[in-house]
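One structure is given here, and the rest of the page talks about it.
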Amino acid sequence: MGISKFLYHLGRYVLMMRTAIARPEKLSMYYRETLRQMNDIGIGSLVIVGLIAVFIGAVTAVQFAYQLEGSFVPRYYIGYIVRDSTIIELAPTISCLVLAGKVGSNIAAEIGGMRQKEHIDAMEIMGVNTAAYLVMPKVIAALFVIPMLVALAAFISIIGGYLASVPTGLMSDAEYVLGVRSFFEQRNITMMFVKSLVFAFILTTVSCYQGYYVKGGSIELGRASTNAVVFSDILILLADYLIAIILT
Amino acid sequence: MIRTENVFKSFGEAEILKGISTEFYSGQTNLIIGRSGAGKTVLLKLLVGLLSPTSGNIWYNDVDFCNLNKKDLRAIRMKVGMLFQASALFDSMTVEQNIRFPLDMFTNMTKKEKLDRVNYCLERVSLEGVNDKYPSETSGGMQKRVGIARAIVLDPIYLFCDEPNSGLDPKTSIVIDELIRSITEEKQITTVINTHDMNSVMEIGDNIILLHQGEVAWRGNKTEVLESENQILRDFIFASPFLQRLRDTALEK
Ligand SMILES: Nc1ncnc2c1ncn2[C@@H]1O[C@H](COP(=O)(O)OP(=O)(O)OP(=O)(O)O)[C@@H](O)[C@H]1O
Ligand SMILES: [Mg+2]
């Protein structure tokens with residue numbers, strides 16, 4: 001992708017977002033749409049996020065146990081490592097990468113379909129600010145719901161770590177709990193929420209952008225949906241790196 | 001009144017409209033006719049601002065429509081109703097929700113008032129009792145009529161219809177034409193219709209514009225259609241030998 005193409009997309013993205021930030025024509029319509037999106041994004045993603053979180057915690061515990069084997073690091077450190085690595089990195093990043101796949105592709109396909117079937121044109125003719133009506137409720141819903149999902153994922157991961165280490169005899173109940181309660185830093189929770197807010201914003205707006213400007217037919221719609229996921233993922237990882245540099 | 005001033009439109013190399021200057025009057029049904037691919041839909045989309053002209057200008061009364069800011073454009077659009085060629089109904093909403101959408105978005109009517117208004121519009125397009133059907137559960141002609149109902153629900157001052165009666169049987173087609181004509185006269189609105197329906201041309205053609213190869217090849221009203229010697233118009237309207245004979249007998253009388 002050439003630099004000019006990148007600038008072109010960036011420009012159009014900024015333009016869409018600038019149009020999207022406007023006073024709603026009718027607050028109740030935006031409110032209703034936001035609730036619908038919260039339900040779709042939040043409730044709709046509970047199972048998958050929860051499932052992934054259990055395994056993240058379990059795998060982290062098992063692998064660190066393996067790496068620390070024979071070293072002089074006390075075993076209860078595993079609980080501490082599971083807690084911090086999921087809170088700081090794994091819960092926000094992996095959850096949001098998965099949500100980009102699930103929610104992002106869905107958003108791009110929904111808006112893209114509306115563009116192709118002239119629904120967006122029809123709304124524009126009525127006088128609706130379609131950039132605002134189609135983008136804002138999704139962004140606001142995601143900014144509310146995704147941090148909650150991530151917090152839940154972090155919590156479930158810690159339980160996952162417990163399930164993988166205590167019943168299997170890797171360590172005792174007391175050791176894991178001691179680990180989880182050691183060296184707690186408030187700042188890491190802040191970092192988790194900053195990450196999830198930024199990632200939520202990226203994945204919804206990038207997906208809306210991909211759908212909003214779709215042209216052509218079903219092949220292009222499929223491509224837009226894929227692009228939504230790919231570009232969201234790349235930008236999420238990039239943002240992850242930048243936040244890590246800035247906040248640590 | 002809407003006026004176009006030397007409007008050009010090209011897509012890449014293809015020049016679709018080459019200098020259209022014309023007027024669409026209020027209180028009249030203005031018809032844009034022309035062969036398939038002549039650029040009728042493109043012209044209509046230019047008129048509502050879904051496309052912008054390559055060069056030239058469009059005026060809504062004294063307002064320079066092409067250079068409006070977004071806010072003023074939206075203000076005008078709230079007075080615009082449009083039926084799309086493919087209807088463009090929101091397919092995850094029922095017929096009632098479709099027609100109610102502009103009311104929900106822009107009015108403070110109560111639930112009851114909205115429902116009454118929706119039913120009134122449905123009645124005008126002879127579609128009572130389909131409120132709870134989804135667009136995919138209705139026929140193409142019904143979708144057209146729902147599209148018209150949605151276009152008129154906010155009492156537009158400008159009404160644009162892209163082929164309102166393609167896909168309708170002759171009887172329903174006449175009902176729709178009559179509906180559009182009566183709304184136009186009642187409220188003295190500016191109505192622009194794309195059509196290649198002969199009946200419409202003869203029944204409601206107050207101001208007819210024939211597009212041909214990107215230019216206005218002929219303009220006039222329904223009585224002038226019969227008498228015109230313009231070859232392009234005659235080839236278009238009286239396309240078959242049967243219609244030519246019909247025209248000749250009509251003129252003899
Ligand atoms: N978005 C576009 N990009 C490129 N070319 C287009 C576009 N829209 C329309 N055209 C071209 O413009 C020409 C006119 O199309 P238009 O849809 O206005 O025809 P029409 O008169 O409405 O025909 P019909 O009666 O079949 O609906 C066609 O040749 C079409 O290929
Ligand atoms: Mg057309």
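Letters A, B, ... mirror the listed sequences (proteins, then strands); counts begin at 1.
Judged as a side-chain hydrogen bond (donor to acceptor under 3.5 Å, both in side chains), and not counting sequence neighbours, N57(B) has no contacts. Scanning for side-chain contact (heavy atoms from CB on, under 4.5 Å) contacts around A151(A) gives M192(A), F193(A), with sequence neighbours left out. Scored by the side-chain hydrogen bond (donor to acceptor under 3.5 Å, both in side chains) test, E23(B) finds Y25(B) as partners (sequence neighbours excluded).
Looking at D206(B), its side chain does come within 3.5 Å of a backbone N or O of T29(B) through a donor-acceptor pair. No donor-acceptor pair under 3.5 Å is formed between the side chain of S10(B) and the backbone N or O of G12(B). With hydrogens and angles disregarded, no donor-acceptor distance shorter than 3.5 Å links the side chain of T184(B) to the backbone of Q28(B). Put simply, the side chain of S139(B) gets close to the backbone of M142(B): a donor and an acceptor are under 3.5 Å apart.
Ranking I120(A), I125(A), V128(A) against chain B, the residue ahead of the rest is I125(A), based on heavy-atom pairs under 4.5 Å. Between chain A and the options L50(B), V48(B), L83(B), V80(B), the largest number of non-hydrogen pairs under 4.5 Å is found for L50(B).
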Dump the table of donor-acceptor contacts under 3.5 Å between chain B and chain A, or return none if there are none.
| residue | atom | partner | partner atom | Å |
| --- | --- | --- | --- | --- |
| K45(B) | NZ | E118(A) | OE2 | 2.8 |
| R77(B) | NH1 | E124(A) | OE1 | 3.2 |
| L89(B) | O | H119(A) | NE2 | 2.8 |
| D91(B) | OD2 | K117(A) | NZ | 2.7 |
| D104(B) | O | K26(A) | NZ | 3.0 |
| T107(B) | O | K26(A) | NZ | 2.6 |

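Heavy atoms closer than 4.5 Å to chain A are found in both the backbone and the side chain of F90(B). Contacts of M126(A) with chain B are made by both backbone and side-chain atoms, with heavy-atom separations under 4.5 Å. Interface residue L89(B): only backbone heavy atoms are found under 4.5 Å from chain A.
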Exercise. Stepwise, does the salt bridge (Lys or Arg N to Asp or Glu O under 4.0 Å) test hold for D177(B) with R181(B)?
Worked result: CA-CA 6 Å; D177(B) 280 349; R181(B) 197 234 289 271; over 6 Å; no
